[in-house]
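Step one of this worksheet: look at the structure below.
Atom set for the values below is all heavy atoms of this structure, side chains included, hydrogens, waters and symmetry mates excluded. Just follow the structure's listing: the first ligand is 1, and inside any ligand the first atom is 1.
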Amino acid sequence: MTPHENDMLLRVALPNKGSLSEPAISLLRDADYQVRRENRELFVIDAEHGIQFFFLRPRDIARFVGDGAVDLGITGQDLLADSGAAAEEVLSLGFARSQFRLAARPGAISDLSQVDGQRLATSYPTLVRKFLAEAGVQATVITLEGAVENAVELGLATVVADVVESGLSLRNAGLEPFGPPLLTSEAIMVRGAVHRHSAKAAALDLLVQRLQGVLHARTYALIEYNCPERSLADAYALTPGLEAPTVSKLAEQGWYAVRSMVERSKVQKVMDQLKGIGAEGIFTTRLDAFRA
Ligand SMILES: Nc1ncnc2c1ncn2[C@@H]1O[C@H](COP(=O)(O)OP(=O)(O)OP(=O)(O)O)[C@@H](O)[C@H]1O
Ligand SMILES: O=P(O)(O)OC[C@H]1O[C@H](OP(=O)(O)OP(=O)(O)O)[C@H](O)[C@@H]1O
Ligand SMILES: [Mg+2]
């Protein structure tokens with residue numbers, strides 16, 4: 001492919017390391033895109049789908065999308081907020097879920113107002129400065145690349161503001177979160193201003209549709225059961241599905257077969273409840289792929 005032909009390709013930025021990288025790549029693989037990196041390539045071309053995938057630092061992705069250097073990218077809501085980029089969120093991806101919290105030594109600081117006049121370490125200075133300004137709190141913000149929790153032990157700061165998932169990193173550093181989370185975050189797909197009628201728009205729409213399908217297939221299972229006529233209304237309420245359950249008459253008088261989508265995380269509970277209203281032969285099937 002010549003450089004000119006590359007101009008026709010949709011440019012998609014993928015995180016090259018960190019918490020977002022592996023799940024982002026496996027999401028695209030599940031949607032049948034060619035994102036295999038053999039030798040640490042900086043980009044790969046999926047010619048079949050008209051896409052050039054760039055592997056970039058997670059922190060730079062929102063900016064590249066906002067600037068129009070790439071058309072689409074996977075990043076985190078917190079990274080997008082910190083970048084200040086004009087990128088539009090198009091899809092939540094359901095991984096890299098975290099909160100962004102303030103933390104300090106237990107007993108030292110327990111309330112946002114006490115942050116006033118303190119030294120605060122973070123890797124998200126723009127996000128933190130905005131939050132502090134809105135809260136009317138003044139603090140000296142110290143920007144670090146990572147391992148922010150160490151800043152207190154090192155005497156660099158009394159407060160940290162960082163990503164918290166399990167809370168283990170904070171506990172290991174002898175720190176405790178306080179105050180409300182600055183935000184909750186998860187991985188997202190962001191887009192810039194792709195022209196609606198360009199060839200790229202079709203590739204973009206297809207990609208978003210496919211990813212939505214994979215996410216749906218990961219979230220839902222198909223549930224099927226036999227239900228006595230008297231319990232049908234209860235059954236619909238328990239398994240409303242995405243639109244409506246499919247119901248067909250069984251050969252046995254007064255019985256119906258019901259098929260519906262159910263959230264995977266709720267399968268066992270829904271089965272208990274279906275049993276409770278007299279349903280029988282209840283089973284679920286995992287979805288490989290899904291399209292609304
Ligand atoms: N431990 C974690 N659990 C869940 N999400 C996380 C975790 N650490 C970071 N994230 C999220 O991952 C996204 C990417 O952050 P980042 O690139 O800093 O990842 P990282 O795993 O911290 O990588 P690095 O090793 O480069 O610091 C952010 O949206 C952040 O909220
Ligand atoms: O609450 P936890 O489950 O412990 O996860 C949160 C930690 O994970 C990330 O750190 P990472 O390992 O990416 O190192 P970093 O601080 O250098 O980014 C994040 O920056 C927190 O430190
Ligand atoms: Mg990190």
Side-chain angles (χ1 to χ4, degrees), residues 12-28 35 37 40 42 53-66 70 72-106 119-131 141-191 211 215 218-219 265:
V12 179
L14 299 180
N16 67 350
K17 45 176 78 169
S19 303
L20 292 168
S21 179
E22 193 276 322
I25 288 166
S26 82
L27 176 63
L28 285 155
V35 285
R37 269 173 107 188
R40 301 180 49 78
L42 294 169
F53 291 102
F54 289 86
F55 298 95
L56 294 166
R57 290 299 291 266
R59 216 156 239 292
D60 296 332
I61 288 177
R63 202 182 73 216
F64 280 124
V65 173
V70 297
L72 213 53
I74 290 181
T75 184
Q77 285 168 319
D78 47 9
L79 292 174
L80 173 62
D82 196 57
S83 75
E88 183 197 341
E89 184 175 328
V90 280
L91 206 54
S92 298
L93 303 178
F95 54 84
R97 288 202 160 110
S98 65
Q99 293 197 325
F100 197 82
R101 310 273 327 243
L102 295 168
R105 291 258 194 251
R119 291 165 65 82
L120 183 156
T122 189
S123 306
Y124 292 71
T126 307
L127 167 63
V128 168
R129 285 204 179 95
K130 187 160 175 272
F131 174 82
V141 175
I142 299 157
T143 305
L144 299 175
E145 292 287 324
V148 164
E149 295 90 344
N150 267 328
V152 175
E153 179 70 20
L154 290 168
L156 198 69
T158 46
V159 184
V160 300
D162 198 18
V163 173
V164 180
E165 200 270 312
S166 65
L168 188 63
S169 302
L170 284 184
R171 275 200 299 284
N172 284 341
L175 303 175
E176 214 170 57
F178 66 87
L182 279 66
L183 50 79
T184 57
S185 179
E186 70 176 285
I188 48 171
M189 178 137 249
V190 290
R191 66 176 284 177
L211 295 188
L215 295 169
R218 288 179 181 181
T219 310
S265 60

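Electrostatic pairing of Arg105 and Glu153 counts as a salt bridge here, judged by a charged N lying under 4.0 Å from a carboxylate O.
Taking the ring axis of Phe55 as reference, the NZ or CZ atom of Arg40 does not stay both within 45° of it and closer than 6.0 Å to the ring centre.
No side-chain heavy atom of Thr75 sits under 4.5 Å from any side-chain heavy atom of Val65. By the 4.5 Å heavy-atom criterion applied to side chains, Arg59 and Ser123 are counted as neighbours. Using a 4.5 Å cut-off on side-chain heavy atoms (C-beta onward), Asn16 and Phe54 make no contact. Using a 4.5 Å heavy-atom cutoff, the side chains of Leu127 and Leu183 are in contact. Taking 4.5 Å as the limit, some side-chain heavy atom of Asp78 sits within range of a side-chain heavy atom of Ser98. Between Val159 and Thr122 the shortest side-chain heavy-atom distance does not fall below 4.5 Å.
Close contacts between ligand 1 and Asp78 involve ligand atoms 28 (C), 29 (O), 30 (C), 31 (O) [criterion: under 4.0 Å to a heavy atom]. Those atoms of ligand 1 that come under 4.0 Å of a heavy atom in Glu165, given as number and element, are 1 (N), 2 (C), 3 (N), 4 (C). The atoms of ligand 2 that sit less than 4.0 Å from any heavy atom of Val163 are 6 (C), 7 (C), 19 (C), 21 (C). Atoms of ligand 1 lying under 4.0 Å from at least one heavy atom of Pro58, given by number and element, are 17 (O). With ligand atoms numbered from 1 in the order given, ligand 1 contributes 4 (C), 5 (N) to contacts under 4.0 Å with heavy atoms of Arg97. Close approach to Leu79 involves these atoms of ligand 1, each under 4.0 Å from a residue heavy atom: 14 (C). When each atom of ligand 2 is checked for a heavy atom of Val164 under 4.0 Å away, the hits are 1 (O). Close approach to Ser166 involves these atoms of ligand 2, each under 4.0 Å from a residue heavy atom: 1 (O), 2 (P), 3 (O), 4 (O).
Residue Gln77 does not touch ligand 1, judged by heavy-atom distances below 4.0 Å. Under 4.0 Å from ligand 1, not a single heavy atom of Thr75 appears. When heavy-atom distances to ligand 2 are checked against a 4.0 Å cut-off, Glu149 comes that close only through its side chain, counted from C-beta outward. At a heavy-atom distance under 4.0 Å, only side-chain atoms of Asp162, from C-beta outward, approach ligand 2.
When the heavy atoms of Ala147, Gly167, Ala96, Ser169 are ranked by distance to atom 1 (O) of ligand 2, first place goes to Gly167. With Ser21, Ser19, Gly76, Gly146 as candidates, the residue nearest to atom 10 (N) of ligand 1 on a non-hydrogen basis is Ser19.
For the ligand labelled ligand 1, residue Lys17 lies outside the 4.0 Å heavy-atom shell.
With sequence neighbours excluded, no residue forms a salt bridge (Lys or Arg N to Asp or Glu O under 4.0 Å) with Glu88. Scored by the salt bridge (Lys or Arg N to Asp or Glu O under 4.0 Å) test, Glu165 finds no partners at all (sequence neighbours excluded).
In terms of polar-atom proximity, Ser98 is counted as a contact of ligand 1, with an N or O under 3.5 Å from an N or O of the ligand.
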